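These notes are about the structure you will find just below.
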Protein chains: 2
Amino acid sequence: MKDRMTPAIRMGGHTQRGQCAKRMSILDAAADVFCRQGFAGASIDEIAAVACVSRQTIYNHYREKETLFVAVVEDVMNRANAMLFSVLSSFPENADNLEDGLTAFAVRLNKNCICNHDGKFLRKLVQTEGERYPHLFESWRQQGPGKLTTALSALLARLAHTGALVIDDFDVAARQFVALANADLQMMTLFGGTPTDEQLEKAARNAVRTFLKAYGRPGTDGAGRPPQLAAIAG
Amino acid sequence: MKDRMTPAIRMGGHTQRGQCAKRMSILDAAADVFCRQGFAGASIDEIAAVACVSRQTIYNHYREKETLFVAVVEDVMNRANAMLFSVLSSFPENADNLEDGLTAFAVRLNKNCICNHDGKFLRKLVQTEGERYPHLFESWRQQGPGKLTTALSALLARLAHTGALVIDDFDVAARQFVALANADLQMMTLFGGTPTDEQLEKAARNAVRTFLKAYGRPGTDGAGRPPQLAAIAG
DNA sequence: GACGTTTTAGACAATGGCGTCTAATTTTAC
DNA sequence: GTAAAATTAGACGCCATTGTCTAAAACGTC
């Protein structure tokens, strides 16, 4: 009857990370179990076991299973957002050595945003539980693929403006760049595997070569020859 | 104590469809519920209700929940396989009007194999339950994306042999063709929506234009001019 | 060391789903 | 029409899980 409040409320309602080790441990464990078992298949007991925490502690921090689930998704989405922003900032600004610049960018995009743990987690969870939590799905779509496409579209437009690329529809080109970058890795990441650095490099190289053959300014492909001549000579 | 066997066994062990309306009704309902709720979240009672069948009837046909699940996946995979074979047979044989031929092919591929009900079902289920049933995942990968890639690779090679395309790595080109074809539709199909015919047409057109800019024989893009000149003129 | 807070382990009721069983009813085949 | 097969509704035991509660233990701070 002492009407004590939950620790989370006591702490002032902060939901940022880093406030306490237990909380992070719970979030990480829950992400792991939710990702493997789905929402319905995940049990609080298993999450508690993975987090090395008693079940009651979880209920102290999160009112119910659904609260925990939403918190996990928000947490991962925050991390993924920050990472996407960072990767987008590394897009090559000038046209010097465009093929290498775009390839390095594609590697970073795949490695840190799409094939990484958080990226796979979000795609899987959103697809699994998206119908049950439409708001969650919409939020992910806007902040993830949506932001990526619009930002990449603007960056490509800037390159096109300098004459380094010849693009008629920037949005389409942006989506195609992402699609090409993933073409060789999609299957592997879907099943849960993580590509090696070598595979990342090769996939990005294939993607950028094709992208530049389609959109590169005539006469400036990787070898410094017109693309057709290069293809015929090859 | 009468030791009666299940009707399925009595019927001679056939697992093909069409043997009885109830069976099909159960399979369809189970596919629907499994797809929406996942394996753990789906309840036999709900499947029975959707199938307009008593729960006991389901247990007469399938020993347990897992048996039903596997049967559902196999059923859908058989349909999807037949459809993929049919679509692959429609790949343009000669280079006449290559852009239109490839575009029509891409439309059929998306419409009947990737964005359709069965395609979305399989991708979702395999991703959701793939870790629990590795055999299922492997089987899907081989008969679905695997077969598509190798078949498309061979078909592209034939076109390249006639000189209509200039391709150095057929496997990479095949994966890129599929990736480009899906680039504009991925997000929509992921969330559950079905693209309109107009969207399918536009997505395929975008994909094939880029694919031909990258791999088309010089001097024969859609407008009959060298691609570079066309791009500059545009 | 004392006090307030957090965590823990375990018991607990309630819920819901799975798979079985039975008896009644409908469908099918001859 | 009759017999066999299939289907149905409902009850049942069993088990896992959720979320609550309590008393004891660990922790941190002064």
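None of these values were measured; they are calculated from a predicted model. Each chain gets a letter, A, B and so on, in the order the sequences are listed, and its residues count up from 1. Every heavy atom of this structure was used, including side-chain atoms; hydrogens, water molecules and symmetry mates were not.
Taking atom CG of residue A:Asn60 and atom P of nucleotide C:dT8, one finds them 9 Å apart after rounding to whole Å. If you measure from atom OH of B:Tyr62 to atom P of C:dT20, you get 16 Å, rounded to the nearest angstrom. With rounding to whole Å, B:Ile58 atom CD1 is found 12 Å from D:dA9 atom P.
Legend: residues meeting salt bridge (charged side-chain N to carboxylate O under 4.0 Å, His left out) with A:Asp118, ordered by chain and number and at least two apart, are A:Arg79. Contacts of B:Asp32 classified as salt bridge (charged side-chain N to carboxylate O under 4.0 Å, His left out), with partners at least two apart in sequence or in another chain: B:Arg36. The salt bridge (charged side-chain N to carboxylate O under 4.0 Å, His left out) search around A:Asp169 returns none, not counting sequence neighbours. The salt bridge (charged side-chain N to carboxylate O under 4.0 Å, His left out) test applied to B:Arg205 returns B:Glu99, B:Asp100, B:Glu201, not counting sequence neighbours.
An OP1 or OP2 oxygen of D:dA6 is reached within less than 4.0 angstrom by no side-chain nitrogen or oxygen of B:His61. At C:dA9, none of the side-chain N or O atoms of A:Ser54 fall inside 4.0 Å of OP1 or OP2 (strictly under the cut-off). Dashed line: the shortest gap from a side-chain N or O of B:Lys22 to OP1 or OP2 of D:dT8 is under 4.0 Å.
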Donor-acceptor pairs under 3.5 Å, side chain of residues 62-69 of chain A to any protein atom, not counting sequence neighbours: which ones?
| from | atom 1 | to | atom 2 | distance (Å) |
| --- | --- | --- | --- | --- |
| A:Lys65 | NZ | A:Phe39 | O | 2.9 |
| A:Lys65 | NZ | A:Ala42 | O | 2.7 |
| A:Thr67 | OG1 | A:Glu64 | N | 3.4 |

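Counting only residues at least two apart or in different chains, side-chain hydrogen bond (donor to acceptor under 3.5 Å, both in side chains) contacts with residues 83-93 of chain B comprise B:Ser90-B:Arg108. Pairs passing the salt bridge (Lys or Arg N to Asp or Glu O under 4.0 Å) check and including a residue from residues 176-198 of chain A, sequence neighbours excluded, read A:Lys111-A:Asp197, A:Asp184-B:Arg175.
Between B:Phe211 and B:Phe177, the ring planes lie perpendicular to each other; the angle is over 60°, past the 30° to 60° tilted range.
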Pairs under 3.5 Å (N/O, protein and nucleotides 13-20 of chain D):
| from | atom 1 | to | atom 2 | distance (Å) |
| --- | --- | --- | --- | --- |
| D:dT18 | OP1 | A:Ala42 | O | 3.2 |
| D:dT18 | OP1 | A:Ile44 | N | 3.0 |
| D:dT18 | OP1 | A:Lys65 | NZ | 3.4 |
| D:dT18 | OP2 | A:Ile44 | N | 3.3 |
| D:dG19 | OP2 | A:Tyr59 | OH | 3.2 |
| D:dG19 | OP2 | A:Lys65 | N | 3.2 |
| D:dG19 | O6 | A:Arg55 | NH2 | 3.3 |

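Each end of the helix from C:dG1-D:dC30 to C:dC30-D:dG1 gets its own rotation axis from five pairs of C1' atoms, and the angle between them is 40° to the nearest 10 degrees.
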